[in-house]
Amino acid sequence: MAVTRFAPSPNGRLHLGHAYSAIVAHDLAKARGGRFLVRIEDIDGERSRPALTQEFRADLAWLGLEWREVAPQSARLASYAAAAERLKALGLLYPCGCTRAEIAARAAGAGPDGPIYPGTCRGKEPAGGRPVAWRLDMAKAIALTGPLDWRDERVGLQRATPERFGDVVLMRKDAPASYHLAATLDDAADGVTLVTRGVDLFAASHVHRLLQALLGLPVPRWRHHPLLVEAGGRKLAKRRGSPGLAERRLGGEDGLDLAEALRAGRFPAGVSLGEGLEACP
Ligand code: GLU
């Protein structure tokens with residue numbers, strides 16, 4: 001029995017890479033007598049476009065997938081705030097008003113999500129008047145949990161190394177929560193037992209494992225699949241003109257045939273399955 005999910009963000013149309021990811025999650029749940037969930041990750045305020053959610057449903061149905069849709073992130077803000085309060089009560093979060101430019105200028109190296117926060121605001125009173133994000137005091141958090149492990153079905157047991165991210169943002173300035181906090185809480189609330197997603201999010205699982213330990217959440221398994229790539233190895237992205245699912249659907253292509261082709265590893269011209277975990281950050 002496995003509960004899997006596909007969790008698209010409605011800030012751009014779905015492309016073949018999303019179709020592949022949704023099919024992987026759907027088929028694993030089906031093969032293991034489980035459930036396949038769809039969760040709309042619409043936490044990005046203005047960047048989230050409600051019309052796209054409707055389009056996503058039509059795209060997934062066109063591919064022949066069956067799913068249960070769970071609450072979108074915009075309906076779960078109270079759970080993010082409550083988790084942040086718990087972490088604050090443990091003394092693990094601190095407010096940070098630094099701008100991107102300030103962080104880039106003093107970055108303590110490069111992490112999987114970008115420049116590593118130099119710790120400027122850690123242990124300081126917040127400067128008034130600036131909007132703040134709330135960051136996790138990574139060293140304190142790791143000291144509290146001790147070493148943690150997690151398992152990816154394709155590559156096996158992993159020792160969690162969330163320290164590579166530095167003090168990650170858990171509550172954003174411009175959105176109610178960060179991806180890391182929201183996705184971790186949602187997967188637990190939805191009873192997801194197997195988190196399937198692309199290898200581009202492999203590193204994020206180190207942070208998610210830490211958050212599970214801090215918040216007393218159940219620990220799922222993970223399965224990070226290779227990404228579909230264009231010639232040259234770049235991952236598909238709508239902005240580079242990779243064909244969108246809605247375009248294909250509205251152009252009269254047969255979605256069931258496309259899904260079968262993706263399952264069989266028959267990809268459209270110029271598209272292939274990229275490296276697996278060798279390419280993991
Ligand atoms: N909402 C994320 C995205 O569209 C997916 C995150 C996940 O699968 O954990 O990239």
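When a ligand or atom number is given, it counts from 1 through the structure's own listing order. Each residue takes its place number in the sequence, starting with 1.
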* Tell me whether the centres of the aromatic rings in His18 and Phe56 are closer together than 6.0 Å. => no
* Asked: Can you tell me which residue and heavy atom of the protein come closest to atom 8 (O) of ligand 1, and the distance to 0.1 Å?
  -> Arg5 NH1, 2.8 Å
* Asked: Nearest protein heavy atom to atom 5 (C) of ligand 1, by residue and atom, and its distance?
  -> Ala7 O, 3.3 Å
* Aromatic Phe36 / basic Arg5 pairing, under 6.0 angstrom, 45° off normal -> no
* Asked: Are the aromatic ring centres of Phe202 and His225 under 6.0 angstrom apart?
  -> no
* Would one find an N or O of Glu41, backbone or side chain, under 3.5 Å from an N or O of ligand 1? -> yes
* Asked: Should you measure from each heavy atom of Arg197, which atoms of ligand 1 turn up under 4.0 Å away?
  -> 7 (C), 8 (O), 9 (O)
* To do: Heavy-atom distances under 4.0 Å are what count here, so tell me which part of Ser9 touches ligand 1: side chain, backbone, both or neither.
  => both
* Answer with yes or no after comparing the ring centroid distance for His206 and Trp150 against a 6.0 Å cut-off, counting only values under it. => yes
* To do: Tell me which part of Leu201 gets within contact of ligand 1: side chain, backbone, both or neither, using heavy atoms under 4.0 Å.
  => side chain
* Going by atom types alone, do Thr4 and Arg32 pair a side-chain donor with an acceptor below 3.5 Å? -> no
* Would you kindly say whether Thr161 and Arg164 are connected by a side-chain donor-acceptor distance under 3.5 Å? => yes
* Asked: What's the shortest distance from atom 9 (O) of ligand 1 to any protein heavy atom, and which residue and atom give it?
  -> Tyr179 OH, 2.7 Å
